[in-house]
**Student:** 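Below you'll find the structure I mean.
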Amino acid sequence: MEAGARARHDPMSAAKSGQTGPSPKPGVLEIAPYVGGRSAVAGAARTFKLSSNEGALGASPKAVAAFTAAAPALERYPDGSVHVLRDAIGAAYGLDPARIVCGNGSDELLTMLANAYLRPGDEVLFSRHAFLVYRIATLANSATPVVVPEKDLRVDVDAMLAAMTAKTRLVYLANPNNPTGSYLTVEEVRRLHAGLPAGALLVIDAAYAEYVRRNDYAPGIEMVAEFDNVVMTRTFSKIYGLAGLRVGWAFCPAAVADVLNRVRGPFNVSTPAQQAAAAALQDRAHVEAAIAHNEKWRGWVTQEIRGLGLRVDDSVANFVLIHFPETKGRTARDADAFLTARGVILRGVESYGLGQCLRMTIGPEEDCRAAVAGLRAFVEAR
Ligand SMILES: *Cc1c(COP(=O)(O)O)cnc(C)c1O
């Protein structure tokens, strides 16, 4: 650091000049910075990264080609209206593109909703083991997180309804939820929605929707079409294998789309991201292959790990939650250290209130086999 820069941050010099730095809005310093899944292991010959729920089959070659084709015109600003991609999404799902808003990942959309609607003191509901971004977005807007207990690692609709008050402004529901892998049925989501107080918004985060093969599940499109107080968010980060590009979208009531278009950055989705995501949507065969891969290997992984005597919860998404005993030497932390030394990277989920668990992404076949072999070695090593 340069001498000048150091002087600017020196509290002694600040005291001398009588100046103090700015303090952030109430709530901001309560945020624990988000820590993503690890990606590298020092010293391991090969790593199997199963820590961030990234698509097992990677991106569609069509998406990669579209990304590359954008390279010669990088000096140009992107299309701020994200026309090509919104039209492609509209066509794929039969939705009005005017009610679709794209974001730099769905994280940005989840955060923008909080930025646009939360006032200090508003209450934001989410369940005990919900996605961490909801808490961050709430606190960053000086609003109050209301953390609702789950039942058997599933969102408890009755408890959510009981927690609603006149101050409830947002209700975040990850469906399916990360990291539990559980989901609410259409009927349960509708029951939750029916209890919303006036002026509140239900945000259905359906990041893993494409993986779900249950006929009592729906991502929420019909509810958004029907009600003025429901938003659904989706992402290209999971089944489409485009996490590095940062593209998500929201299907909104017209008034909410209007609000998001006022507060969002004017060029919040880059040109290569828009083009690649639009191309990814056209490659239906790639998505179908990813779904089939996930069904097959999630089933295999679940069965194998249960066979080792460990609890694995039923999951409808592209990851499973594995439980470990509290016994010294046998804990989730011990397993994590053991696996990491073999290059197998799972996700510790202590920050989600699940210190006894590790979350494992359903990756490519080789990675799934490496993880199961690692777990077997851990269980057998005594
Ligand atoms: C991965 C994930 C997302 C997606 O985030 P992006 O910003 O779109 O990459 C959203 N919600 C949940 C619950 C997730 O697990």
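All ligand and atom numbering here is 1-based and tracks the order in the structure. Fair warning: this is a prediction, and the values are worked out from it, not measured in the lab.
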**Student:** If only atom types and distance count, is the side chain of Arg99 paired as donor or acceptor with the main-chain N or O of Cys252 below 3.5 Å?
**Tutor:** yes
**Student:** Mind checking whether Lys238 contacts ligand 1 via backbone (N, CA, C, O), side chain (CB onward), both or neither, at a 4.0 Å heavy-atom cut-off?
**Tutor:** side chain
**Student:** Would you kindly say whether Arg347 and Tyr352 are connected by a side-chain donor-acceptor distance under 3.5 Å?
**Tutor:** no
**Student:** For Arg333, does the CZ atom sit with more than 12 other heavy atoms under 6.0 Å from it, leaving out its own atoms?
**Tutor:** no
**Student:** Indicate whether the side chain of Asp283 and that of Tyr240 have a donor and an acceptor atom separated by less than 3.5 Å.
**Tutor:** no
**Student:** Would Thr185 and Tyr183 count as a side chain to side chain contact (heavy atoms under 4.5 Å, CB included) here? Give the steps.
**Tutor:** CA-CA 7 Å; Thr185 65; Tyr183 74 105; 4.3 Å; yes
**Student:** Regarding ligand 1, does Asn104 bring an N or O atom to under 3.5 Å of one of the ligand's N or O atoms?
**Tutor:** no
**Student:** When you compare ligand 1 with Tyr134, is there at least one nitrogen or oxygen pair between them that comes in under 3.5 angstrom?
**Tutor:** no
**Student:** Compute the shortest N/O to N/O distance between Arg246 and ligand 1 and return yes if it is under 3.5 Å, no if not.
**Tutor:** yes
**Student:** Note the single closest protein heavy atom to atom 15 (O) of ligand 1, along with its residue, its atom name and the distance in Å.
**Tutor:** Tyr208 OH, 2.6 Å
**Student:** In this structure, are over 12 heavy atoms from other groups packed under 6.0 Å from Glu226 atom CD?
**Tutor:** yes
**Student:** Is ligand 1 less than 4.0 angstrom away from at least one heavy atom of Ser237?
**Tutor:** yes
**Student:** Heavy-atom contact check, 4.0 Å cutoff: does Phe236 meet ligand 1?
**Tutor:** no
**Student:** Check Asp205 against ligand 1 and report side chain, backbone, both or neither, counting heavy atoms closer than 4.0 Å.
**Tutor:** side chain
**Student:** Report, in ascending order of atom number, the atoms of ligand 1 lying under 4.0 Å from any heavy atom of Asn178.
**Tutor:** 13 (C), 14 (C), 15 (O)
**Student:** Consider ring pair (Phe, Tyr, Trp, His ring centres under 6.0 Å). Of Trp297, Tyr208, Tyr211, which one does Phe319 pass it with?
**Tutor:** Tyr208
**Student:** Has ligand 1 got any nitrogen or oxygen that is less than 3.5 angstrom from a nitrogen or oxygen of Ser106?
**Tutor:** yes
**Student:** Quick one: which ligand 1 atoms are inside 4.0 Å of a heavy atom on Ala207?
**Tutor:** 2 (C), 3 (C), 10 (C), 11 (N), 12 (C), 14 (C)
**Student:** Looking at ligand 1, does Asn53 have a heavy atom less than 4.0 Å from it?
**Tutor:** no
**Student:** CG of Asn268 to CG of Leu260: how many Å apart, nearest 0.5 Å?
**Tutor:** 10.0 Å
